[in-house]
Visitor: 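I'd like to ask you about the structure that follows.
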Amino acid sequence: MLRPSTEFLECVPNFSVGPDHDTLRDIEASFLSIDGVSVLDIHTDLSHNRSVFTVVGGPRALQDATFEAVRVAIERIDLREHHGQHPRIGAADVIPFIAIPPTPNDVAIRTAREFGDGMAHALDLPVYLYELATMSDKRITLPALRRRGFEWLRAALETGNAAPPDAGPNRLHPTAGASIIGARHFLIAFNINLNTQDIRVATAIARNVRASSGGHAGIRALGLQVGAHTQVSMNLFNLDVVTIPQAFALVDRQANMRGVTVHSSEIVGLAPHAALTGFSAADIKLPRGLESYSLETRIEQTAFREQ
């Protein structure tokens with residue numbers, strides 16, 4: 001496999017668009033227009049009205065490619081007309097950069113800050129920095145930035161009741177909102193669908209398992225309505241303290257206590273191979289084999305073009 005540089009990053013941009021074939025095709029083409037960048041995975045969800053790309057490459061090429069993709073998103077996505085179950089504040093909602101070992105985290109931090117500053121000024125888009133890339137003394141978490149959504153943040157900035165962005169104008173883009181850009185460690189977006197339409201069940205389970213409510217360290221969780229099911233949507237953000245099977249068991253136990261069963265689960269995007277060992281897809285009611293979610297396997301299957 002050809003790698004574009006000795007520094008190698010993963011980028012996982014989340015766009016506020018569901019299975020819109022034309023928009024997703026053009027966003028993917030924007031990434032692929034830059035040599036040395038590869039799209040490893042695209043996960044799109046109708047109920048969330050959201051699509052998550054997994055992209056890898058060298059820092060400079062990845063910045064250039066992501067800029068082109070964000071430009072397409074701003075042209076195509078109007079948050080005033082956007083409705084979905086997942087919280088969002090931007091068309092290009094969240095853009096994290098992750099260092100792939102042996103690349104150090106400092107490279108991801110520098111890339112996120114450079115990209116955020118450049119994109120904010122070139123596209124007149126407010127940018128918030130989060131996690132490792134934050135410029136404040138207190139590390140800013142993603143839920144703290146996004147939980148109240150586009151409509152609240154738009155009004156709050158207009159009335160001076162929200163923190164100003166780290167770069168760009170002190171107002172939301174009228175249709176594309178703002179972007180949250182950061183550097184972080186690996187995390188796994190893991191969703192569990194329940195055999196109930198009672199959102200109160202999913203909300204209660206999410207509250208009981210997430211770290212911020214006194215649940216398990218390393219878990220962020222929301223209860224969402226997703227089609228014929230409700231969902232406990234989780235981010236496993238500290239893989240040293242929580243595994244995928246542990247998170248599944250926590251939710252399964254909480255569901256059984258309420259007379260509800262688990263219908264299925266899903267991993268959004270890709271996960272480090274080490275996080276996918278020691279259990280089977282059937283153990284967590286995952287619809288396809290674990291190897292198909294392995295970041296390292298997908299990288300090894302991808303041939304990068306020469307720069």
Side-chain angles (χ1 to χ4, degrees), residues 9 11-18 23 26-27 30-31 48-53 55 59-60 62-98 108-184 220 222 235:
L9 301 176
C11 183
V12 191
N14 291 224
F15 297 101
S16 295
V17 62
T23 298
D26 290 346
I27 289 174
S30 297
F31 282 117
H48 286 202
N49 204 2
R50 190 174 188 84
S51 296
V52 179
F53 283 67
V55 190
R60 182 69 263 164
L62 207 50
Q63 286 194 54
D64 292 344
T66 307
F67 178 86
E68 294 303 322
V70 170
R71 186 154 57 183
V72 171
I74 289 174
E75 292 173 354
R76 300 291 186 83
I77 300 169
D78 187 341
L79 285 189
R80 297 171 301 180
E81 306 297 326
H82 178 275
H83 302 283
Q85 294 300 317
H86 202 286
R88 80 287 183 267
I89 65 167
D93 192 47
V94 182
I95 306 173
F97 293 88
I98 306 99
I109 294 169
R110 182 184 70 238
T111 301
R113 290 174 176 174
E114 289 178 357
F115 177 72
D117 187 66
M119 189 179 78
H121 291 96
L123 299 178
D124 197 32
L125 189 73
V127 164
Y128 292 89
L129 298 174
Y130 83 111
E131 295 292 352
L132 301 177
T134 184
M135 302 293 286
S136 66
D137 294 334
K138 184 177 180 181
R139 183 174 299 172
I140 300 173
T141 64
L142 185 56
L145 287 169
R146 192 178 58 191
R147 62 189 168 204
R148 295 184 181 179
F150 166 74
E151 292 80 6
W152 178 88
L153 184 58
R154 179 178 57 191
L157 284 174
E158 289 173 354
T159 57
N161 291 320
D166 294 292
N170 192 28
R171 52 168 173 73
L172 291 192
H173 185 285
T175 60
S179 286
I180 306 169
I181 297 172
R184 59 165 171 78
R220 298 184 184 121
L222 292 172
N235 280 346

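What you are looking at is a predicted structure, and each value in this text was computed from that prediction instead of being measured.
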Visitor: Looking at D124 and R171, does any basic side-chain N land under 4.0 Å from a carboxylate oxygen?
Guide: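 R171 and D124: salt-bridged.
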Visitor: Answer yes or no: is there a side-chain heavy-atom contact under 4.5 Å between T66 and I95?
Guide: yes
Visitor: Checking the side chain of T111 only, and the main-chain atoms of P59 only, is there a donor and an acceptor separated by less than 3.5 Å?
Guide: no
Visitor: Is E151 paired with R88 through a side-chain N to carboxylate O contact shorter than 4.0 Å?
Guide: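 Here R88 pairs with E151 in a salt bridge, since their nearest N and O are under 4.0 Å apart.
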Visitor: Contact between L157 and N170 at the side-chain level, heavy atoms closer than 4.5 Å - yes or no?
Guide: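 Side-chain contact under 4.5 Å: yes.
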Visitor: For the residue pair I181 and M119, establish whether any side-chain heavy-atom pair is separated by less than 4.5 Å.
Guide: yes
Visitor: Could you check if a side-chain atom of P13 sits within less than 4.5 angstrom of a side-chain atom of V94, using non-hydrogen atoms only?
Guide: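 No - every pair of side-chain heavy atoms lies 4.5 Å or more apart.
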Visitor: Got I74 and V72 here, is their nearest side-chain heavy-atom distance under 4.5 Å?
Guide: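 Counting from C-beta outward, I74 and V72 never come under 4.5 Å.
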Visitor: State plainly whether the residues R113 and D166 are in salt-bridge range, i.e. N to O under 4.0 Å.
Guide: no
Visitor: Minimum heavy-atom separation for I109 and A133, please, with both atom names.
Guide: CG2-CA, 4.2 Å
Visitor: Would you confirm whether D117, through its side chain, and F115, through its main-chain N or O, come within 3.5 Å as a donor-acceptor pair?
Guide: no
Visitor: Can you sort out the partners of Q85 under side-chain hydrogen bond (donor to acceptor under 3.5 Å, both in side chains), two or more places apart, ordered by chain and number?
Guide: none
Visitor: Judged by atom type as modelled, is there a donor-acceptor pair below 3.5 Å linking the side chain of H48 to the main-chain atoms of R50?
Guide: no
Visitor: Strictly below 4.0 Å, N to O, side chains only: are E68 and R71 in salt-bridge contact?
Guide: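 Yes, charged N to carboxylate O under 4.0 Å.
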Visitor: Does F53 have any ring pair (Phe, Tyr, Trp, His ring centres under 6.0 Å) partners at least two apart in sequence or in another chain, and if so, which?
Guide: F15, F31
Visitor: Could you work out, with side-chain hydrogen bond (donor to acceptor under 3.5 Å, both in side chains) as the rule, every residue matching R220, not counting sequence neighbours?
Guide: E131
